[in-house]
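Because the structure is a prediction, the values reported are computed rather than measured. Below, chains carry the letters A, B, ... as their sequence lines are ordered, and counting in each starts from 1.
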2 protein chains.
Amino acid sequence: MSQDPTPPDAGADLVRAAIDLLAERGPQALQARRLAIAAGTSTMAVYSRFGGMPELVRAVAREGFARLCAHLKASPQTDDCVADLLKMAGAYRQNALENRHLYQVMFGLDESGAQSDTAEGRTAFGYLLRAATRCIDAGRLDQAPPLTVAAQLWSAMHGYVLLEMAGYFGTTGATDVLPSLTTNLVIGLGDLPERARASAAK
Amino acid sequence: MSQDPTPPDAGADLVRAAIDLLAERGPQALQARRLAIAAGTSTMAVYSRFGGMPELVRAVAREGFARLCAHLKASPQTDDCVADLLKMAGAYRQNALENRHLYQVMFGLDESGAQSDTAEGRTAFGYLLRAATRCIDAGRLDQAPPLTVAAQLWSAMHGYVLLEMAGYFGTTGATDVLPSLTTNLVIGLGDLPERARASAAK
DNA sequence: ATCCTGCCATAACACTGTTATAAATCTCGA
DNA sequence: TCGAGATTTATAACAGTGTTATGGCAGGAT
């Protein structure tokens, strides 16, 4: 009944090596030979296990979404649903900045994989959708299709994170843009300004 | 005093060919040999004119930002500054969707070269900044640093455009997300809800 | 035991950006 | 006008990439 402590799964090893090298050396480290050496195998494993580099990169992206889901899942759920929503945005940003290269791979369409619209992405989106639905059901946000509400929030978070990572909000004093952005958006979605700002202050 | 009708500038020819091939064949068409053939020269021109492919790609990105600036500049300027702002968001989206691959190159999402914080990007941002400042000065938006106001608007626009291009808002009924997003954000930034929605209806 | 299937290591292929070399072209001052 | 110097270009080669061919190896089913 006992498993090997480290079942040598070349596929998982490759993904692990890819994520590690991605964090340390950046996207240009996602190369078949380099990953094979790091995983202690040869380039053929990339093909017998994944069929090619694009599929391996997609597996990396899946793992990235899994990490994002874990971050969002750990975001608190209190009696102030709007505060929870704003905190979730902060968790989203934190996860993206801590795994910046991975985040780019998750949304990057790199010529072969066309990384669009993955099932894992929709799972992560589900957490945001749930938090938004709570706010609507609680009457904090106007009645509106939760899908479009969550889509607006996701757009804001995603856009802010990418621009911050690109350095556009670097050191020019435009700090705390994300809290303002999400708070203002929540106000536009129907929450009372004072209540929203109080929730943001938490 | 008369110029040649078509002064054969290999540098400009390469950028033109790059932008054309980018639109037709996608990012994987940005290759030295392919561009050289399309521009009627050889790969060495890439190095004598630009110093390498990364520099050429950055020139392409500059041209992309120039097109974006042209689109934003053409956005109307009426007596309803908030309506102008919302229309500018629509123009931003339109430009991005009509040049989707170019848009990705502008922000370096095609793994080629970490395109961060270009001067041309800041020029385009200037148009948004000006439109936001008008709204603040006109009293439609709350007094706040125009930089952070424009940063919030840009984040929303950028994020929405990328997610739409990735297909996440594909056909699942989440239509008209951008107008709602920008309108709601403007409300959160201080505009009266009815006035904002009236401006959006224009 | 035998065959078979899947996986892996080595090496080769086609392709990429880049560089070396030499010829062609342009620049510009005498 | 000219001609030396500098720049650009075309050709070919180099180092690197993803991918594919070719054997060899292990493990399981019959």
Side-chain angles (χ1 to χ4, degrees), chain A residues 2-4 6-22 24-61 101 104-105 108-115, chain B residues 1-22 24-61 101 104-105 108-115:
Chain A
S2 69
Q3 290 273 93
D4 276 352
T6 58
D9 183 347
D13 285 349
L14 279 172
V15 173
R16 247 191 305 276
I19 289 185
D20 290 348
L21 286 182
L22 188 60
E24 299 173 12
R25 315 270 183 198
Q28 82 273 12
L30 288 186
Q31 302 175 355
R33 287 167 180 77
R34 225 173 277 212
L35 298 184
I37 292 174
T41 177
S42 79
T43 62
M44 272 308 298
V46 174
Y47 297 88
S48 55
R49 298 287 185 164
F50 296 95
M53 281 298 294
E55 283 289 341
L56 192 154
V57 171
R58 280 164 61 173
V60 169
H101 294 130
Q104 311 255 9
V105 170
L109 53 115
D110 43 21
E111 78 186 69
S112 40
Q115 219 67 299
Chain B
M1 197 51 63
S2 69
Q3 288 272 94
D4 276 352
T6 58
D9 182 348
D13 285 349
L14 278 172
V15 173
R16 248 190 305 276
I19 289 185
D20 289 349
L21 285 182
L22 187 60
E24 299 172 12
R25 315 270 184 197
Q28 83 272 11
L30 288 186
Q31 301 175 357
R33 286 167 180 78
R34 224 174 280 212
L35 298 184
I37 292 175
T41 178
S42 77
T43 62
M44 273 308 299
V46 174
Y47 296 88
S48 56
R49 300 285 184 164
F50 297 95
M53 280 299 293
E55 284 289 341
L56 192 154
V57 171
R58 279 164 61 172
V60 169
H101 294 130
Q104 312 253 6
V105 170
L109 271 60
D110 64 338
E111 78 165 289
S112 47
Q115 217 71 303

> Who passes side chain to side chain contact (heavy atoms under 4.5 Å, CB included) against A:A39, sequence neighbours left out?
Replying inline: A:D13, A:L14, A:A17, A:T41

> Who pairs with B:R33 by side chain to side chain contact (heavy atoms under 4.5 Å, CB included), at least two apart in sequence or on another chain?
Replying inline: B:T43

So which protein nitrogen or oxygen atoms get under 3.5 Å of nucleotides 3-6 of chain C's nitrogens or oxygens?
none

Tabulate atom names and distances for all N/O pairs under 3.5 angstrom spanning the protein and nucleotides 7-9 of chain D.
from: D:dT9; atom 1: OP1; to: B:R49; atom 2: NH2; distance (Å): 3.4
from: D:dT9; atom 1: OP2; to: B:S48; atom 2: OG; distance (Å): 2.6

> Just by modelled atom types, is the A:L22 backbone N or O under 3.5 Å from a matching donor or acceptor in the A:H101 side chain?
Replying inline: yes

Approximate separation, where rounding is to 0.5 Å, of [X] [atom1] and [Y] [atom2]:
X: B:L35; Y: B:M53; atom1: CG; atom2: CE; value: 5.0 Å
X: A:L21; Y: A:Q31; atom1: CG; atom2: CD; value: 9.5 Å
X: B:R34; Y: B:Q28; atom1: CZ; atom2: CD; value: 7.0 Å

> If we fit an axis to the first five pairs and another to the last five of the helix from C:dA1-D:dT30 to C:dA30-D:dT1, what angle do they make, to the nearest 10°?
Replying inline: 10°

Could you tell me if the side chain of [Y] sits less than 4.5 Å from the side chain of [X], heavy atoms only?
X: A:F50; Y: A:V57; value: no
X: A:L30; Y: A:R25; value: no
X: B:V46; Y: B:E55; value: no

Are any protein N/O atoms closer than 3.5 Å to N/O atoms in nucleotides 16-18 of chain D? If there are, list each pair with its distance.
from: D:dT17; atom 1: OP1; to: A:Q31; atom 2: OE1; distance (Å): 2.0
from: D:dT17; atom 1: OP1; to: A:Q31; atom 2: NE2; distance (Å): 3.4
from: D:dG18; atom 1: OP1; to: A:A32; atom 2: N; distance (Å): 3.1
from: D:dG18; atom 1: OP2; to: A:A32; atom 2: N; distance (Å): 2.9
from: D:dG18; atom 1: N7; to: A:R33; atom 2: NH1; distance (Å): 2.8
from: D:dG18; atom 1: O6; to: A:R33; atom 2: NH2; distance (Å): 3.0

